[in-house]
Every structure is written in C-alpha cells, then in structure tokens.
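Working notes for the structure below.
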Amino acid sequence: MDFIRRIPSLFSGLRIRLCVLIILAAVLPCAFLSMSFLSFIRYQMWENDAIRLTAQAQIVTNDLISSGYIRGNHSDTIDTELITLSNSYSGRIMVMDRGLKIIKDTYDMHEGRILIYEPAVRSLSNSTETYYDEKNAYLILTVPIIAYDEPEEVLGVLLITKSTDDIMRSMDYFWSLAVIINLSVAAAAIACGILLSSRIVRPFERIASGISDITKGIKQDRLQVNDYTETRRISENFDAFHEQMKVVDDSRSEFVSNVSHELKTPLTSMKVLADSINAMGDGAPIEMYREFMTDITSEIDHENDIINELLSLVRLDRAKGELSIAPVNMNELLEILLKRLQPIAAMQKVELVLESFRPVTAEVDEIQFSLALMNLIENAIKYNNEGGWVHVSLNSDHRYCYIRVEDNGMGIPEDSLDRIFERFYRADKSHSREIAGTGLGLAITHEAIVLHHGEIRVSSMVGEGTTFDVRLPLKYIKETV
Ligand code: ADP
C-alpha cells in the first residue's frame, strides 16, 4: 500500500521520466513494427495459398467439364483426382451442380444434399470467392464451373476448404521470433534509458548540490555548470543572485556598524560632559553647569533625531508593497509643507517660494511622499546662506509630475554627488559639524521616491547652489519595476 502511494512521487523525478520516455521511444515502435510485419506475412501466406488453390481449382473444373462429370457422368478417375488433391493439402472438396446440390464430397458426408452457402451462391454469378476462417484456421474457396462454349454458362460450383494449420505453425515461429526481438530491444532500451537519463540529469544534480553547499556555507565560489545552455543560465542567474545577496549582506553589516557608530557618538559626548561636571565638584559655577546641560540636551536631541529617522527608514522598508496610495492634490500638499517650513526659513533668513504651473493630482502615499519632499526642502533651507532663496516648482505632463527644489546655498562637492543618497553620508565635513543632521534624510527621500516608481536627480555647484529634480508617475504603478 505504501509503495502504491509513493508511485506518483516516484514519477515526479526528471530522471525516471526520461528513462521511461527513452524505453517507450524504443519499445513502442519496435512492437508496432513487429505487429505490422506479422500481419503482413500472415496475409501474404493466405494470399499465396488462395492463388495456388485457385490455379489448381481451374485445372479441376476443366477436368469436371471435359469428363462430363458436372453433367452427371460419373468418373472414378475424377473421384480419385479430387481425393488425392484434397488430401494433399489436408482439405475437402465439394462439387455442386447449378442447383447447389452436392455431386461429390471428398469426405463422403453430404452428397445429394443442397448447400445454400453465400459465397457459393455468389459464384453461380461467375465470381471466384475467397474467405479466411481465422477462428477455425480454414481457407474457403468457391470457384464457378463454366462451360466455355457459346454462350458461357455456369454449370456448378467447386467448393474447396483448406486447413491453414501450416500457416499458423509458421506464424507461431514468427511470433516467437518477434517476442525474442522485442524483449531484447526492451532490455537494451532499459539499459540505455538508465544510463542516458542519469547522464542527462547529472548537471542538474550538480546544480542542486552546488546550491545546497553554497547555502550551507561549505562552498563559496561560483556554480558554473555549463554542460547545457539551460544549466549555464541557471548557474549564471544563481551566481548573480548570490552576488546580490552578498552585497545586501555587506551593506546590512555596514549599516549596522554605521548605526552603532552614529548612536554611540552622542552618548560618548554626553558621558564626557557628565564626567567633566562631576570632576569639577561642588565649586563649579552655575553658568558652567547650564552650558554643559545645554550641550547634553542638544546631544539627546541629536540622538533622538537619529532614532526617529532610523524608524522612518524601517517603516519605509516595511511599507514596500503596502503603501496607502490615494490621489493627492500636489499643489495643496506643497503649500502645506512650505507653510510648515516657513518659520525655519524665516529664522535662517532664507526666502521660500512656491511656483505651481498647473493643478496636479498624483497617486501617492501622502505620509511617505510628504516626508521625502520635506527632507529636500529642509536641506535647501539648512544648507543655505543668510539672504538666500529656495524655489520649489511643480509641473506635470500627461504621465508624470515634476517637482524641482532649487536653492542658491552652499552646494555639494562634485565627488560627493554620487554618495549623498547613502545612509549616514554627510557631504561637507566642515559644514556638517556646524549644521545638525544625521545623514539619513536623503536616504529616506530616495527610498520613498523609488517606492513610488519615481526618479530623483541632483545637480550642484559648490558656492552656487543645488537643484533636486523629482519625476513621479501620476498613476501609481502596482507591479514592481
Ligand atoms: P543630513 O541629515 O546631513 O542633512 P541628508 O541625507 O539629508 O543628511 O543629506 C546628506 C548630505 O547631503 C548632507 O549632509 C549635505 O552635506 C548634503 N546636502 C543635502 N542637501 C543639500 C543641499 N540642498 N545643499 C547642499 N548640500 C546638501
């Protein structure tokens, strides 16, 4: 029972399927050919018998006419001829007149009787009939006995029955031969099937064991199973995937080490400040205490900023595929964001201007997308100079919405432009020290825009300013591009 239940799973393997296919491909045509050949031979032997018998029957009918036997003249010579002939092929001959009355039966059984037998009736109309009785192994021939004087007249019918035992014996021999040949072919096909299927499947097994070794960490190198185009493609794709996983793994480790470092820096500063206060003892002036406490508070704020931005990043990672997409009026959204940032701009003495070219509605996750834009505008204010300006413009065509955040601030050094979207990267170290930041803002912006299948580009000149261009599809594309 258990074995029967396991049969479907047994046939799920490629090797067993190939093996069965190879065996069937050899055995089925061979069996079909043998069967066709055997029936052809049997038919040919029957045909030869029928032709030979018809020729002999012609001689007999001539004798029956010339001797007047068919017209009722008894002849011992003809009787002997008929008996000798019928014995020679283990058969029976019956001579019937035109009323189908049996004149002579070599079995001496039915003489004088009328035999209404369909082929014999047809032969009365001058046709020779052949019938194979396969079940009883008999060949039956009915031949009209015709007088060749004018007009041609059917005088009777000659009915010959011949045993086909000799044909059956020959056929038995051919059958045995066919069985031996078929069994030999089947044995050879099974051997070839096992060998060939193992050989064909081997590269796939090497891929499976290679992947398993790499997964377990036993093997580190590439798969490279290049036996077939298919295995080469599987190997290449797996190797690419493996490389990608390594990169993801490396960047994850780097991220963890960066996070630890960034979180540790404010803590170290706080510890140094607290230790200094302690070392000063009770005699320290109150102003000094206040100054140190202010520094500690700003370090706590910084630590808080890092943690909040890290949480935003984690939320973005989780939101992949689960954004709350809805049509959002982008003009209104930008107005709200600029209003919210206006006090900071005023504090920095930076002019903040919004320019909307047309009403734009885009399908976005409002919270995530606001965060992305907020970071861009906040940076444009933050990395600016007193009396500087920030221009935010909004435009669209039939497919995309375009948002530009432009400032005439400090600018970004050229060699930093490629890296500003990296987590924890801060471009100008001298400014970075003066201007508070975590290096996570643009990473969040970039991730949020990519999640919306949008694009962000940056161009900048140190001392002249920076421009961020965002392009976003108006209709949210569901599939990941
Ligand atoms: P941060 O918290 O340091 O602002 P971001 O990821 O937002 O982190 O920005 C990364 C770096 O890119 C910043 O440290 C800054 O050096 C640079 N940067 C971003 N926006 C601007 C801008 N508008 N002008 C000049 N530099 C910028």
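As the structure is a prediction and not an experimental result, all values here were calculated from the model. Counting starts at 1 for both ligands and their atoms, following the listed order.
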- prompt: Among I435, I412, T445, N408, which one has a heavy atom closest to atom 18 (N) of ligand 1?
  reply: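 Answer by nearest heavy atom: I412.
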
Taking only non-hydrogen atoms of E309, do any sit less than 4.0 angstrom from ligand 1?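 Under 4.0 Å: no for E309.
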
Looking only at heavy atoms of G411, does any of them come nearer than 4.0 Å to an atom of ligand 1?
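True for this residue.
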
Can you list the ligand 1 atoms lying under 4.0 Å from a non-hydrogen atom of G439?
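So the atoms of ligand 1 that pass are 1 (P), 2 (O), 3 (O), 6 (O), 8 (O).
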
Here the atoms of ligand 1 under 4.0 Å from any heavy atom belonging to A380 are 23 (N)

Please indicate whether any nitrogen or oxygen in [X] is less than 3.5 Å from any nitrogen or oxygen in ligand 1.
X: G441; answer: yes
X: L442; answer: yes
X: M410; answer: no
X: T438; answer: yes

I'd like to know if the side chain of [X] and the backbone of [Y] have a donor-acceptor N/O pair within less than 3.5 Å.
X: Y173; Y: M168; answer: no
X: E363; Y: Y476; answer: yes
X: S460; Y: I412; answer: yes
X: N329; Y: E332; answer: yes
X: T445; Y: A372; answer: yes

Under 4.0 Å between heavy atoms, the region of Y425 that gets near ligand 1 turns out to be backbone

Is it the side chain, the backbone, both or neither of L440 that has a heavy atom closer than 4.0 Å to ligand 1?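 Just the backbone.
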
Nearest-0.5 Å distance, CD of residue Q224 to CZ of residue R206: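 That separation rounds to 11.0 Å.
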
Across all chains, not counting sequence neighbours, the side chain to side chain contact (heavy atoms under 4.5 Å, CB included) partners of R290 are I286

Lys/Arg cation over aromatic Y402: R471, 6.0 Å, 45° cone: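 The answer is no, since R471 fails at least one limit relative to Y402.
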
